[in-house]
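Please read these numbers as outputs of a predicted model, since none were measured by experiment.
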Amino acid sequence: MHTEDTNALIEQRKAKLAALRARGIDPFADKFKPDIGCGEARSRFQDGSLAEGAPVAVAGRIVAHRDMGKSQFLDIKDYTGRVQIYAQKNVLGDTQFDVLKHIDLGDFIGARGTMFRTRAGEPSVRVESFVVLSKALRPPPGQWYGLAEPETRYRQRYLDLMVNDDVAHVFRQRSRIISAIRSFLESRGFIEVETPVMQAIAGGAAAKPFVTHHNALGCDFYLRISLELYLKRLLVGGFDRVFEIGRNFRNEGISRKHNPEFTMLEAYQAYGDYETMMELVESMVCHVAREVVGSLLIKHVDKEGQVVRQIDLTPPWRRVKYKELVRQRAGSDWFEIASEQRRQRAIELGADIEQCTEDYEVTQAVFEKLIEPTLIDPTFVTHAPKELIPLAKLSPDDPTTVEVFECCINGQEIAPAYTEQNDPIAQRERLEQQAGQERQKIDGDFLVALEHGMPPAGGMGMGIDRLCMMLLGQESIRDVILFPQLRPK
RNA sequence: GGGUUGGUAGCUCAGCGGUAGAGCAGCGGCCUUUUAAGCCGUUGGUCCAGGGUUCGAUCCCCUGCCAACCCA
């Protein structure tokens with residue numbers, strides 16, 4: 001990034017700014033109220049709802065400039081799209097026409113005029129007057145080749161959005177996805193809440209937290225790693241259907257699938273269970289896909305436009321038990337053989353078990369490495385081993401497993417859900433077991449809340465960023481987060 | 001943390017052991033229906049940094065920094 005103001009292009013623009021001011025024009029002072037969007041004016045002229053000669057006032061950023069001498073064409077762009085405006089010397093007069101000499105790509109202008117069609121058939125605004133609304137002192141990235149360098153795209157996302165329309169489209173779609181989720185949950189009687197981001201104990205998941213310090217209280221806080229334990233407190237309080245869409249923070253690596261801060265949806269429904277949540281997740285994702293993508297068939301394409309992956313969201317979604325999937329992939333005797341044999345076989349299969357100390361972790365490594373990436377169409381993987389999930393209820397028909405599912409789509413975990421544990425004594429035991437010696441990690445206040453009585457409930461979480469990747473065909477989480485985490489410059 | 005690739009003009013990229021190139025943008029000129037406008041002319045560089053090899057390094061070697069991707 002070039003921040004030194006010694007650049008010649010910047011100097012030239014500053015000189016133009018000074019020239020405008022010398023003429024009594026302050027390019028930042030003018031207010032201008034457009035009465036129609038740029039793209040809107042163009043499309044409405046095309047469909048006939050805006051007639052030849054109709055007066056319009058449009059404003060936008062100059063994205064192209066074709067100087068014909070005594071007339072000029074400029075493309076201006078706003079949120080609705082772009083439109084061509086046509087400035088003629090004999091209409092504007094020498095003085096105003098001359099102002100265009102001090103205009104650059106990237107500047108904002110507002111123009112009044114009338115709609116007409118050029119000889120080439122382009123809907124255009126014949127400019128009768130215009131004002132400079134903002135002078136850009138730095139040049140925009142090239143319009144034709146765009147902006148390709150990933151670092152600049154992420155670090156200066158505004159430039160990426162300015163010139164890469166497909167990128168802007170992804171983020172508008174993301175906004176619509178979150179909006180569709182909200183309206184879906186609200187239509188089912190859920191209320192949206194906000195719970196603390198700074199927590200004395202970061203619970204609800206196994207992840208390394210970020211630490212911060214509160215000066216006045218003289219103590220450290222953690223940025224939350226999940227929303228779960230506070231939303232359950234609200235179930236205790238009588239909010240039977242709650243959800244929160246919020247940022248979680250995990251102090252771990254950065255990858256194609258991981259950003260240190262990411263957006264999570266969690267929803268809890270009293271008197272529901274994990275099967276209730278299956279219906280909820282399936283209906284919600286289908287609702288969002290129909291609303292935003294307009295189809296239950298999601299196509300991912302490469303740079304050449306070739307379809308590289310197709311995801312079929314048509315319900316009902318496949319439901320399969322965790323152990324069943326593992327047996328299919330790793331051998332029908334997987335759970336019968338000795339622990340050492342499992343380890344050996346996991347290595348032969350190519351799973352990475354170097355970090356694994358417990359038996360269930362070996363199985364989980366097989367699942368993560370060899371099974372999860374193959375689950376492209378939506379799959380509810382149910383009945384996970386109880387060791388994996390300490391906040392769920394044991395399954396009555398197989399008490400080595402819990403009443404949960406992990407919804408996998410696009411080869412990624414997208415939504416876990418449980419029949420929530422509401423037995424305070426069993427919950428305390430599970431958490432203490434998990435915490436091992438480190439007693440401080442247990443959220444005692446949460447357990448007190450459970451002791452006051454939590455209704456039976458189903459709960460679900462959903463990684464919004466990964467959902468967006470799946471629905472919008474993006475292969476990196478950085479392409480669905482406006483400002484992904486980067487090393488500070 | 002490991003591997004791979006890369007860092008050259010505002011943007012996108014070539015190039016190469018012999019004093020740095022293109023397109024676009026910019027600047028000057030011509031042009032009143034262009035749309036990646038066109039035509040003529042032209043400015044612009046710490047070739048990421050440091051060290052080494054060499055008569056000579058943007059290029060080869062080493063180290064470092066930064067980034068992207070993959071793996072952990």
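A straight line from CG of A/L9 to P of B/G10 spans 7 Å, rounded to a whole angstrom. The distance between atom CG of A/D107 and atom P of B/G10, rounded to the nearest whole Å, is 19 Å. Summarising the geometry, the separation between CD on A/E151 and C1' on B/U5 is reported as 15 Å, rounded to the nearest angstrom. With rounding to whole Å, A/H65 atom NE2 is found 16 Å from B/A36 atom P. In this entry the distance linking CZ of A/R82 with C1' of B/A36 reads 11 Å, nearest Å. Nucleotide B/A37 holds its P atom 18 Å from the CZ atom of A/R119, rounded to whole Å. Distance, A/E149 CD to B/U12 P: 6 Å, rounded to whole Å. Taking atom CD of residue A/Q84 and atom P of nucleotide B/A37, one finds them 10 Å apart after rounding to whole Å.
Shown here, B/A49 forms a base pair with B/U63; the pair counts as Watson-Crick or G-U wobble because both key distances fall under 3.5 Å. Both distances falling under 3.5 Å, in either a Watson-Crick or a G-U wobble arrangement, place B/G28 opposite B/C40. B/U34: no Watson-Crick or G-U partner with both key distances under 3.5 Å is found in any strand. When Watson-Crick and G-U wobble pairs are counted only if both distances are under 3.5 Å, B/C69 pairs with B/G3. With a cut-off of 3.5 Å on both pairing distances, the Watson-Crick or G-U wobble partner of B/U12 is B/A22.
The A/Q12 side chain lies nearest to B/G26 when the options are B/U32, B/C66, B/G26. The side chain of A/M68 lies closest to B/A37 when the candidates are B/C66, B/A25, B/A37. Comparing B/C31, B/C69, B/A67 by their closest approach to the side chain of A/K70 singles out B/C31. Distances were taken from every side-chain heavy atom of A/P139 (C-beta onward) to each of B/U32, B/U35, B/G10; the shortest belongs to B/G10. Checked against B/A37, B/A68, B/A67, the side chain of A/L486 finds its nearest nucleotide in B/A68. Nearest nucleotide to the A/R256 side chain, out of B/U34, B/G26, B/C70: B/C70. Of all nucleotides listed (B/U34, B/U33, B/C11), B/U34 comes nearest to the side chain of A/A120.
For B/A20 and B/C24, the P atoms lie 23 Å apart once the distance is rounded to whole Å. B/G52 and B/G45: their P atoms are spaced 27 Å apart (whole Å). Comparing the same atom, C1', in B/U42 and in B/U4 gives a spacing of 42 Å after rounding to whole Å. A gap of 16 Å separates the C1' atoms of B/G15 and B/G6, to the nearest Å. On the C1' atoms, B/G44 is 31 Å away from B/U54, given to the nearest whole Å. Taking the C1' atoms as reference points, B/G10 lies 8 Å from B/G26, given to the whole Å. The gap from the P atom of B/A49 to that of B/C59 amounts to 10 Å, rounded to the nearest Å. Nucleotides B/A9 and B/U32 place their P atoms 37 Å apart, quoted to the nearest Å.
Of the two residues contacting RNA chain B, namely A/R117 and A/I103, the nearest-nucleotide position lying further toward the 5' end is that of A/I103. Ranked by how close their nearest RNA chain B nucleotide is to the 5' end, A/G253 and A/G121 are led by A/G121.
Checked by distance alone, A/S71 brings no side-chain donor or acceptor within 3.5 Å of a matching partner on the base of B/U33.
In this structure, A/D67 reaches the bases: a heavy-atom distance under 4.0 Å links it to at least one base atom across the strands shown. Looking at heavy-atom distances under 4.0 Å, A/K16 makes contact with sugar-phosphate atoms alone, never a base. Counting non-hydrogen atoms under 4.0 angstrom, A/F97 reaches nothing in the nucleic acid. A/Q72 comes within 4.0 angstrom of no nucleic acid atom, judged by non-hydrogen atoms across all strands. When heavy atoms are screened at a 4.0 angstrom cut-off, A/E122 is found touching base atoms of the nucleic acid. Nucleic acid contact class of A/R478 (heavy atoms, under 4.0 Å, all strands): sugar-phosphate only.
For the side-chain contact (heavy atoms from CB on, under 4.5 Å) with A/L472, the qualifying choice from A/I298, A/I177, A/D479 is A/I177, the only one to do so. Remark: of the listed residues A/T152, A/I481, A/V167, A/V167 is the sole one forming a side-chain contact (heavy atoms from CB on, under 4.5 Å) with A/R157.
A/D35 places a side-chain N or O within 3.5 Å of a backbone atom of A/A57 that can act as its donor or acceptor partner.
Figure legend: A/R172 and A/Y79 shown as a cation-pi pair, the cationic atom lying under 6.0 angstrom from the six-membered ring centre and within 45 degrees of its axis.
Under 4.0 angstrom from either OP1 or OP2 of B/A36 there lies no side-chain N or O belonging to A/R66. Between A/K369 and the phosphate of B/C71, there is no side-chain N or O to OP1/OP2 separation shorter than 4.0 Å. Applying the 4.0 Å criterion to OP1 and OP2 of B/G10, one finds that A/R138 has every side-chain N and O outside that range.
Using the six-membered ring where Trp is involved, A/Y274 and A/F405 have ring planes that are tilted, between 30° and 60° apart. Taking the six-membered ring where the residue is Trp, A/F116 and A/Y86 present tilted rings, their angle falling between 30° and 60°.
With salt bridges taken as basic N to acidic carboxylate O contacts below 4.0 Å, none links A/D107 and A/R61. Taking 4.0 Å as the cut-off between side-chain N and carboxylate O, A/R42 and A/D75 do not count as a salt-bridged pair.
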